[in-house]
Asker: 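My structure is below; once you've seen it, I'll send some questions.
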Amino acid sequence: MALLAATGGRQRYVKIHEGKYWTWYAPESIWNLYGSSISRFFDYADRVYEALRSDLGVEPKGRVYILVHPGGAGFAGFATGDIAEIRAITGRRSPGIGVVYDAFVNEAYGIRGYWAYVLIAHEATNLFTGEGVTGGWPWADGTEIWGRGSPFPYAVAVLVTRQLGLEQVSATHYRILNPRDRPYVDLFIEIVSERGWDAIRRMFRLMIEDGVRLDAEGPIAREPLKSHYVFLYLSLGYGADLADKLVRHGLPVNRTLMAQLYQAYERRTCDIAAWRLGYYERVLRCARGS
């Protein structure tokens with residue numbers, strides 16, 4: 001039943017479901033046509049939320065939303081801190097994800113709703129890391145260092161769909177992976193296989209404790225420093241220097257920069273504000289008393 005509605009462009013968006021964690025909206029015309037296909041995923045989205053909360057150790061700080069998107073221009077999915085179409089209804093910041101409507105309806109690789117399964121898991125991962133830790137993740141926004149792909153959310157989608165018993169979805173998602181992206185995706189699958197999700201949880205916890213923001217106004221927001229901060233905290237979460245493993249998986253590690261970051265990390269309390277913004281050289285100077 002439509003509880004609230006607003007018009008966005010030529011679309012009339014209606015509230016279609018209030019789940020444990022997600023509030024769903026869709027264009028009224030699409031809901032009327034495809035409601036039975038979309039509603040099959042209400043429970044799945046809540047299960048994904050619970051799996052990510054357990055695995056990643058972080059979650060959004062408030063209510064989150066799913067927009068069933070009308071599509072167009074190759075659109076598939078997104079994660080954002082504020083969905084404009086839903087904000088127009090709620091009147092407040094509305095963080096969440098969007099998934100194109102035909103992902104729920106169509107069959108792909110012999111699996112009905114295949115793209116809805118993987119897009120919900122993929123984009124929810126981006127939402128959790130963006131809302132729960134920091135925005136600006138280079139492993140999700142397509143920087144050159146990560147081959148312009150999104151390997152972390154992709155790997156999590158592979159692992160979480162398997163965790164939720166969707167073996168065929170998980171295996172298919174891994175099988176169709178672009179060979180260009182495979183080394184990076186394999187990196188995260190390997191880390192979780194070796195250390196469990198604890199490595200990822202520790203990484204996020206340490207970044208939160210240090211107040212690191214990859215989207216801050218400072219050098220940290222620019223490559224290659226941004227990815228090297230990620231390399232550092234990923235190594236800290238793993239419990240060992242990952243430089244060799246990162247290189248084996250095709251990531252261009254600047255070992256001189258990494259050595260400087262390790263030194264600055266150990267001395268970061270000398271100027272924690274500088275560390276948070278990526279001014280690691282200022283931290284090193286501060287620690288030397290100059």
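Note that the structure is predicted; figures quoted are calculated from it, not measured.
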Asker: Mind checking what makes ring pair (Phe, Tyr, Trp, His ring centres under 6.0 Å) contact with Tyr109, not counting sequence neighbours?
Answerer: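 Ring pair (Phe, Tyr, Trp, His ring centres under 6.0 Å) check on Tyr109 returns Tyr114.
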Asker: Check whether any side-chain N or O of Thr134 sits under 3.5 Å from a backbone N or O of Arg213 as a donor-acceptor pair, and report yes or no.
Answerer: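 Side chain of Thr134 to backbone of Arg213: no pair is present.
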Asker: Just by distance, do the side chain of Lys245 and the backbone of Leu187 share a donor-acceptor pair under 3.5 Å?
Answerer: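 Not at all, since once roles are kept as given, no pair shorter than 3.5 Å links the two residues.
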Asker: Say whether Tyr233 and Asp210, considering side chains only, have a donor N or O and an acceptor N or O under 3.5 Å apart.
Answerer: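 Yes - a donor-acceptor pair under 3.5 Å links their side chains.
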Asker: Roughly how far apart are Leu214 CG and Ile220 CD1, rounded to 0.5 Å?
Answerer: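 The CD1 atom of Ile220 is 5.0 Å from CG of Leu214, to the nearest 0.5 Å.
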Asker: Looking only at atom types and distance, does a side-chain atom of Thr129 sit under 3.5 Å from a main-chain N or O of Thr125, one as donor and one as acceptor?
Answerer: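 Checking the backbone N and O of Thr125 against the side chain of Thr129, a donor-acceptor pair under 3.5 Å is found.
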Asker: Excluding sequence neighbours, so at least two apart, what forms ring pair (Phe, Tyr, Trp, His ring centres under 6.0 Å) with Tyr174?
Answerer: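 So Tyr174 forms no ring pair (Phe, Tyr, Trp, His ring centres under 6.0 Å) with any residue.
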Asker: If only atom types and distance count, is the side chain of Gln260 paired as donor or acceptor with the main-chain N or O of Ala264 below 3.5 Å?
Answerer: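 Answer holds: no.
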Asker: To the nearest 0.5 Å, what is the distance between CG (Asn32) and CZ (Arg12)?
Answerer: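 Reported value, rounded in 0.5 Å steps: 10.5 Å.
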Asker: With a 4.5 Å limit on heavy-atom distance, are the side chains of Ile200 and Arg195 in contact?
Answerer: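 Not touching, per the 4.5 Å side-chain cut-off.
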Asker: With ring centroids as reference points, do Phe152 and Phe188 lie under 6.0 angstrom apart?
Answerer: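 When the ring centroids of Phe152 and Phe188 are compared, they turn out to be within the sub-6.0 Å range.
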Asker: If you round to the nearest 0.5 Å, how far is CZ of Phe104 from OG of Ser36?
Answerer: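 Reported value, rounded in 0.5 Å steps: 12.5 Å.
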Asker: Could you tell me whether the side chain of Asp82 and the main chain of Pro95 form a donor-acceptor pair under 3.5 Å?
Answerer: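 It does not hold such a pair.
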Asker: Given side-chain contact (heavy atoms from CB on, under 4.5 Å), test Leu159 with Val192 step by step and report yes or no.
Answerer: CA-CA 9 Å; Leu159 293 170; Val192 172; 4.1 Å; yes
Asker: Return the minimal non-hydrogen interatomic distance between Ser227 and Thr143, and the atom names on each side.
Answerer: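 The pair with the smallest heavy-atom distance is OG-OG1, 4.4 Å.
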Asker: If I take atom OG1 from residue Thr172 and atom CG from residue Leu177, how far apart are they, to the nearest 0.5 angstrom?
Answerer: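 Going from OG1 on Thr172 over to CG on Leu177, the span is 12.5 Å.
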Asker: For a 4.5 angstrom cut-off between non-hydrogen side-chain atoms, does Arg63 reach Thr90?
Answerer: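 No - every pair of side-chain heavy atoms lies 4.5 Å or more apart.
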Asker: Are any non-hydrogen side-chain atoms of Glu190 and Asp186 less than 4.5 angstrom apart?
Answerer: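 Answer no - side chains too far apart.
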Asker: Under 4.5 Å between any side-chain heavy atoms of Arg255 and Val247, yes or no?
Answerer: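 Sidechains of Val247 and Arg255: in contact.
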Asker: Is there a side-chain contact between Ile111 and Leu166 in this structure, where contact means two heavy atoms from C-beta onward sitting under 4.5 Å apart?
Answerer: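 With C-beta onward as the side chain, the pair stays apart.
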Asker: Do side-chain atoms of Arg162 reach the backbone of Ser170 as a donor and acceptor pair under 3.5 angstrom?
Answerer: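 Judged by distance alone, no pair lies under 3.5 Å.
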Asker: Once rounded to the nearest 0.5 Å, what's the spacing between atom CG of Leu261 and atom CD of Glu281?
Answerer: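 Rounded to the nearest 0.5 Å, the CG-CD separation comes to 9.5 Å.
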Asker: If you look at every heavy atom in Ala124 and Leu52, which pair is closest and at what distance?
Answerer: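 Distance-wise, the nearest heavy atoms are CB-CD1, 3.6 Å.
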Asker: Could you tell me how the ring of Tyr154 sits relative to the ring of His173: parallel (under 30°), tilted (30 to 60°) or perpendicular (over 60°)?
Answerer: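 Correct class here is parallel.
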Asker: Looking only at heavy atoms, which two atoms of Ala221 and Lys226 are closest? And how far apart?
Answerer: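 For Ala221 and Lys226, the tightest heavy-atom pair comes out as O-CE, 3.2 Å.
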Asker: Should Gln11 and Glu85 be marked as a side-chain contact (heavy atoms from CB on, under 4.5 Å) after you check the CA-CA gap, both sets of side-chain angles, and the distance that decides it?
Answerer: CA-CA 10 Å; Gln11 296 289 345; Glu85 295 90 340; over 6 Å; no
Asker: How close do Val212 and Arg276 get, heavy atom to heavy atom, and via which atoms?
Answerer: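 Minimum heavy-atom separation between Val212 and Arg276: N-CG, 4.4 Å.
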Asker: With rounding to the nearest 0.5 angstrom, report the OH to CG distance, Tyr280 to Leu257.
Answerer: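 Nearest 0.5 Å value for the OH-CG distance: 5.0 Å.
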Asker: Mark yes or no for whether Ser94, through its side chain, and Arg92, through its backbone, hold a donor-acceptor pair below 3.5 Å.
Answerer: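 Yes, Ser94 side chain to Arg92 backbone: donor-acceptor pair under 3.5 Å.
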Asker: Give the intermediate values and the outcome of ring-ring contact (aromatic ring centres under 6.0 Å, His included) for residues Phe128 and Tyr49.
Answerer: CA-CA 9 Å; Phe128 272 54; Tyr49 188 105; 4.8 Å; yes
Asker: Would a single hydrophobic cluster contain both Tyr279 and Leu225, if residues Ile, Leu, Val, Met, Phe, Trp and Tyr are joined by side-chain heavy-atom contacts under 4.5 Å?
Answerer: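 Not linked; separate clusters.
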Asker: Before giving the answer on side-chain contact (heavy atoms from CB on, under 4.5 Å), spell out for Tyr262 and Asp241 the whole-Å C-alpha distance, their side-chain angles and the decisive distance to 0.1 Å.
Answerer: CA-CA 10 Å; Tyr262 275 113; Asp241 187 346; 3.6 Å; yes
Asker: Can you tell if the side chain of Trp137 reaches within under 4.5 Å of the side chain of Asn126, non-hydrogen atoms only?
Answerer: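 Side chain of Trp137 against side chain of Asn126, heavy atoms only: no contact under 4.5 Å found.
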Asker: Tell me, with the steps shown, if Leu277 and Glu217 meet side-chain contact (heavy atoms from CB on, under 4.5 Å).
Answerer: CA-CA 7 Å; Leu277 296 176; Glu217 292 288 335; 5.6 Å; no
Asker: Hey, is the main chain of Glu50 close enough, under 3.5 Å, to the side chain of Ser54 for a donor-acceptor pair?
Answerer: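 No, because the side chain of Ser54 does not come within donor-acceptor range (under 3.5 Å) of the backbone of Glu50.
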Asker: Do the charged groups of Arg205 and Glu209 touch, with an N to O distance under 4.0 Å?
Answerer: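 The answer is yes: the pair qualifies as a salt bridge.
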Asker: Which pairs, with at least one residue in residues 50-69 and sequence neighbours excluded, count as a ring pair (Phe, Tyr, Trp, His ring centres under 6.0 Å)?
Answerer: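 Checked against ring pair (Phe, Tyr, Trp, His ring centres under 6.0 Å) - neighbours excluded - the pairs reaching residues 50-69 are His69-Phe75.
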Asker: Looking at Trp22 and Ala45, would you say the former's side chain and the latter's main chain have a donor-acceptor pair under 3.5 Å?
Answerer: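 A pair under 3.5 Å: yes.
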Asker: Are Trp275 and Tyr229, when compared by the centres of their aromatic rings, separated by less than 6.0 Å?
Answerer: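 Here the rings of Tyr229 and Trp275 have centres that are less than 6.0 Å from each other.
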Asker: With a 4.5 Å heavy-atom cut-off, do Trp24 and Ile38 have their side chains touching?
Answerer: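 Contact flag for Trp24/Ile38 side chains = yes.
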Asker: Could you go step by step and tell me if Tyr184 and Trp139 meet the ring-ring contact (aromatic ring centres under 6.0 Å, His included) rule?
Answerer: CA-CA 9 Å; Tyr184 314 126; Trp139 63 24; over 10 Å; no
Asker: Would you name the heavy atoms of Ile208 and Gly132 that are closest together and state the gap between them?
Answerer: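 Closest approach of Ile208 to Gly132: CD1-O, 3.4 Å.
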Asker: Return the minimal non-hydrogen interatomic distance between Asn254 and His228, and the atom names on each side.
Answerer: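 So the two residues come closest at N-NE2, 2.9 Å.
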Asker: Ring of Tyr44, cation from Arg47 - is the NZ or CZ under 6.0 Å from the centre and inside 45° of the axis?
Answerer: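 Because its charged atom misses either the 6.0 Å distance or the 45° angle limit, Arg47 does not stack over Tyr44.
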Asker: Could you check whether any side-chain heavy atom of Tyr34 comes within less than 4.5 Å of a side-chain heavy atom of Pro27, counting everything from C-beta outward?
Answerer: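 Sidechains of Pro27 and Tyr34: no contact.
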Asker: Quick one: does Asp46's side chain have a donor or acceptor within less than 3.5 Å of a partner on Tyr21's backbone?
Answerer: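 Yes; at least one donor-acceptor contact below 3.5 Å.
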